[in-house]
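Down below is the structure, laid out as structure tokens.
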Amino acid sequence: MRRLLFILLSLGLVAPAAAQQRSLGVFGLWGAFAEKERCFAIAEPSAPTRAGEGRGFASVGWWPGRNVRGQLHIRLADRKRPGSAVLLRIGDRTFQLAGGENDAWAPDARADAEIVSALRAGLDMSVETRNVRGARMRDVYALRGAASALDAAAIACAPQR
């Protein structure tokens with residue numbers, strides 16, 4: 001858990017005031033957190049691209065005020081080469097993500113739902129693209145604990161009735 005919190009702090013995802021964000025728990029290799037307007041499950045790569053490059057992460061978020069549920073976000077370890085595809089593989093499924101300079105997302109809500117379903121059932125996932133120098137970037141994430149972290153984040157941001 002210390003390592004996950006260190007990563008979150010270094011990525012600027014954990015607010016300085018502890019009251020702004022609360023931990024929902026660490027489940028295997030995934031953590032879940034709630035903030036005022038969003039909840040998310042997050043993990044760092046179990047096998048990062050290369051030492052010395054940036055730190056990537058994968059997260060799935062819920063923003064009740066925006067009616068967003070289970071939205072995938074991948075932070076790439078390095079800047080992506082313009083025009084390069086970003087491929088997410090979970091088991092025998094491959095998804096092409098929409099990518100920005102350092103980030104990638106599912107192209108739409110339907111793809112997000114399919115990816116979240118695959119995350120729940122998979123053992124690991126990989127994200128692959130080319131960096132601005134043309135070198136292959138590939139991060140591998142173990143999915144142990146992902147389903148529980150996803151559930152914790154979803155429940156924490158479920159509409160109150």
Side-chain angles (χ1 to χ4, degrees), residues 3-14 24-33 35 38-64 66-154 157:
R3 183 173 175 197
L4 181 61
L5 288 175
F6 172 76
I7 296 299
L8 292 173
L9 284 168
S10 67
L11 294 171
L13 293 175
V14 176
L24 301 172
V26 175
F27 308 90
L29 299 172
W30 285 70
F33 298 87
E35 294 178 342
R38 72 178 179 142
C39 303
F40 57 97
I42 189 167
E44 64 179 339
S46 53
T49 301
R50 267 187 233 120
E53 292 185 357
R55 302 287 302 180
F57 65 85
S59 67
V60 178
W62 284 259
W63 285 265
R66 297 186 203 167
N67 201 31
V68 173
R69 294 178 199 93
Q71 184 178 62
L72 175 75
H73 173 231
I74 302 292
R75 178 66 157 180
L76 302 170
D78 198 357
R79 289 181 301 135
K80 180 181 87 60
R81 183 172 68 185
S84 289
V86 180
L87 299 178
L88 173 73
R89 291 188 176 90
I90 305 170
D92 62 351
R93 306 272 320 262
T94 300
F95 303 91
Q96 184 162 344
L97 303 178
E101 187 176 277
N102 285 84
D103 302 284
W105 304 268
D108 55 40
R110 180 175 176 220
D112 273 324
E114 290 177 15
I115 291 168
V116 168
S117 178
L119 286 171
R120 291 178 174 288
L123 297 175
D124 58 43
M125 76 173 182
S126 65
V127 179
E128 188 172 331
T129 190
R130 298 266 172 198
N131 68 15
V132 289
R133 295 170 301 286
R136 178 177 165 225
M137 289 193 305
R138 183 172 187 260
D139 283 338
V140 176
Y141 295 83
L143 297 178
R144 188 178 73 230
S148 296
L150 292 167
D151 288 344
C157 273

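Every heavy atom of this structure was used, including side-chain atoms; hydrogens, water molecules and symmetry mates were not.
Atom CG in D112 sits 11.5 Å away from atom CH2 in W105 (nearest 0.5 Å). Taking CH2 of W62 as the start and SG of C157 as the end, the distance is 8.5 Å to the nearest 0.5 Å. Put simply, OH on Y141 and CG on L88 are 9.5 Å apart, with the number rounded to the nearest 0.5 Å. The distance from the CG atom of N102 to the CZ atom of R79 is 7.5 Å, given to the nearest 0.5 Å. Rounded to the nearest 0.5 angstrom, I90 CD1 and S117 OG are separated by 9.0 Å. Rounding to the nearest 0.5 angstrom, the gap separating the CZ atom in R89 from the CG atom in D124 is 12.0 Å.
Of all non-hydrogen atoms in T129 and S84, the two that sit nearest each other are OG1-CB, 3.5 Å. Closest approach of C39 and A153 over heavy atoms only: CB-O, 3.3 Å. Residues L76 and E101 approach most closely at CD1-O, 4.4 Å, considering heavy atoms. When all heavy atoms of V116 and G70 are compared, the closest pair comes out as CG2-O, 3.6 Å. The minimum heavy-atom distance linking G31 with A149 is given by the pair O-CB, 3.9 Å. The minimum heavy-atom distance between L29 and A43, with the atom names listed, is O-CB, 3.6 Å.
D151 pairs by the salt bridge (Lys or Arg N to Asp or Glu O under 4.0 Å) definition with R120, not counting sequence neighbours. Residues satisfying the salt bridge (Lys or Arg N to Asp or Glu O under 4.0 Å) test with E114, not counting sequence neighbours, are R93, R110.
Within the 3.5 Å criterion, the main-chain N or O of A142 finds a donor-acceptor partner in the side chain of W30. A donor-acceptor pair under 3.5 Å is formed between the side chain of S46 and the backbone N or O of V140.
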Determine, stepwise, if the pair F40 / Q71 fulfils side chain to side chain contact (heavy atoms under 4.5 Å, CB included). CA-CA 9 Å; F40 57 97; Q71 184 178 62; over 6 Å; no
*Would I115 and M125 satisfy side chain to side chain contact (heavy atoms under 4.5 Å, CB included), going step by step from the backbone distance to the final call?*
CA-CA 10 Å; I115 291 168; M125 76 173 182; 6.0 Å; no
Report task. Step by step, work out the side chain to side chain contact (heavy atoms under 4.5 Å, CB included) result for M137 and E128. Result -> CA-CA 6 Å; M137 289 193 305; E128 188 172 331; over 6 Å; no
Exercise for review: Go through the steps for Q96 and L87 under the test side chain to side chain contact (heavy atoms under 4.5 Å, CB included), then give the verdict.
Suggested key: CA-CA 5 Å; Q96 184 162 344; L87 299 178; 4.1 Å; yes
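Side-chain contact between L72 and V60: present, with at least one pair of heavy atoms (C-beta onward) separated by less than 4.5 Å. Side-chain atoms of L97 and I74, non-hydrogen and from C-beta on, do get closer than 4.5 Å to each other.
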